[in-house]
There are 2 protein chains.
Amino acid sequence: METQLQQLIEHWPEEALSYRRVGAGEMLFRQGQPANAIYAIRSGSIRMERDLEDGSTVVLHTARAGETFAEAAFNASHYHCNAVAVSDSDVLVLASKVLNGETADLALHKLLNTILANQVRELRTLVSLRDIRGAEDRLLAWIQLQPQTRAGEIVISQTWTVIAQAIGLTRESVYRALSNLVRKRVIERSTAQSDDRTERLRLL
Amino acid sequence: METQLQQLIEHWPEEALSYRRVGAGEMLFRQGQPANAIYAIRSGSIRMERDLEDGSTVVLHTARAGETFAEAAFNASHYHCNAVAVSDSDVLVLASKVLNGETADLALHKLLNTILANQVRELRTLVSLRDIRGAEDRLLAWIQLQPQTRAGEIVISQTWTVIAQAIGLTRESVYRALSNLVRKRVIERSTAQSDDRTERLRLL
DNA sequence: CGAGGGGTTGAAGATGGTCAAAGGAGGTGG
DNA sequence: CCACCTCCTTTGACCATCTTCAACCCCTCG
């Protein structure tokens, strides 16, 4: 899907593309402002949060490098949440005006559809994963859903800390679950980190 | 969004629409079959599950009445999971062929985009909600995100059992959390069930 | 070289899950 | 109209599990 995002950017009319840097803590947009763009994060991370009547706020999502957000710009006239940079971030701004009107590009809409449909699929599996109570079972299910190489190995390209967040566990729980799975001979971890940095897993 | 789904169905060419009934346990489609339709559930519920190499299976999602699924039909040539009816179900079949080709309807694609974008938004907030560890905090956050009437009340149209599943808790935990929130005077529950069946909440 | 971050493991405590039990509402069949 | 059944609701008690806190290693980077 990284590839799909690339495609989207390439197909987007140049005149509707721009960059923007936001420092940590800075706001990219605010709740109530007119929504006129979709964003893609090149680096950093952005948190979306909704202000509530009582002054408190609820986090709706935290988008990381490689993700898009504010797709709501399609239908809503204004943003329904604040976008705050968690760390210094570099975002690509895709003006949504090119989507409206009779002359809008059909191919662009199709591309957008497939990207969104994929995202829906990923998110649903993420939610389902989190329905698995046990840490071991949850982690194992996640592992089993990762793509395998022809050699039957699974390449772990993120840090376990990040994976832990994704599947809704603390990193400690994940490490413990990993240890247990190895001890029970369910998986094997590539202790061989000779030259490359990436870890490899094998299901037994 | 129920409304949006209605719109989608109305805009869908009649010749590409059909119904299908599946009994509990029956399969709507199988992993590997050519993907040529999107589905909308009218009644019942359908579980999507992926078969793994080792013979086990992972649940990817359980779709309920009012939801659409298999949006992957946009880009994938074949289904990547099985769809099994959990209970007797009645589904609407939207043939995806009308989306391809040069003559495809732009308005239809736009509508699809907004529907998918909304779903992405909802799913992301669902995932974020599940990141909240405490049962009380989680439930409260969910409540605060529900729309309020002008009177400042929140109408609960689902059963708590269903809500519990949605936010990843057992119903017992939800009832306990509700009791606690009431006891702490954070919310008020409408004990007044005089004539209508729906419960009402009020934030204090 | 010191700081920071990822990785790893241990011990203790908190919290939600599970099991159990019971009341109420609605539906159905005799 | 009543018996019966199912599902939602509600609360208590106990237990398994995950989180928290803490400490340590190793590596990288400024």
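Just the heavy atoms: all of them, side chains too, but no hydrogens, waters or symmetry mates, feed the values below. Here is how names work: the chains are called A, B, and so on, in the same order as the sequence lines, proteins then strands, and each is numbered from 1.
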**Prompt:** Considering only side-chain heavy atoms of Arg189(A), which listed nucleotide, dT8(C), dG7(C), dT10(D), is closest?
**Reply:** dT8(C)
Using atom [atom1] of [X] as one end and atom [atom2] of [N] as the other, report the distance to the nearest whole Å.
| X | N | atom1 | atom2 | result |
| --- | --- | --- | --- | --- |
| Ile163(A) | dG6(C) | CD1 | P | 12 Å |
| Asn180(B) | dT11(D) | CG | C1' | 11 Å |
| Leu181(A) | dT8(C) | CG | P | 13 Å |

**Message:** Can you see if the side chain of Thr161(B) gets near the phosphate of dC7(D) - specifically, an N or O under 4.0 Å from OP1 or OP2?
**Reply:** no
**Request:** Ignoring backbone atoms, test whether Ser179(B) places a side-chain nitrogen or oxygen under 4.0 Å from the OP1 or OP2 oxygen of dT11(D).
**Result:** yes
**Request:** Classify the ring geometry between Tyr39(B) and Tyr79(B) as parallel (under 30°), tilted (30 to 60°) or perpendicular (over 60°).
**Result:** tilted
**Request:** Going 5' to 3' through nucleotides 13-23 of chain D, assign each nucleotide B (protein heavy atom under 4.0 Å from a base atom), S (under 4.0 Å only from sugar-phosphate atoms) or - (no protein heavy atom that close).
**Result:** B----SBBBB-
**Request:** Taking all non-hydrogen atoms of both residues into account, name the closest pair between Ala104(B) and Val98(B) and its distance.
**Result:** CB-O, 3.7 Å
**Fill in**
The side-chain contact (heavy atoms from CB on, under 4.5 Å) partners of Asp88(A) (sequence neighbours excluded) come to Ala24(A)
**Message:** Quick test of your reading of the model: are Glu71(A) and Arg121(B) salt-bridged, counting only N-O distances below 4.0 Å?
**Reply:** no
**Request:** Under the salt bridge (Lys or Arg N to Asp or Glu O under 4.0 Å) rule, collect the residues that match up with Arg176(A), sequence neighbours excluded.
**Result:** none
**Request:** Check the surroundings of atom CZ in Arg30(A): do more than 12 heavy atoms from other residues, nucleotides or ligands lie under 6.0 Å from it?
**Result:** no
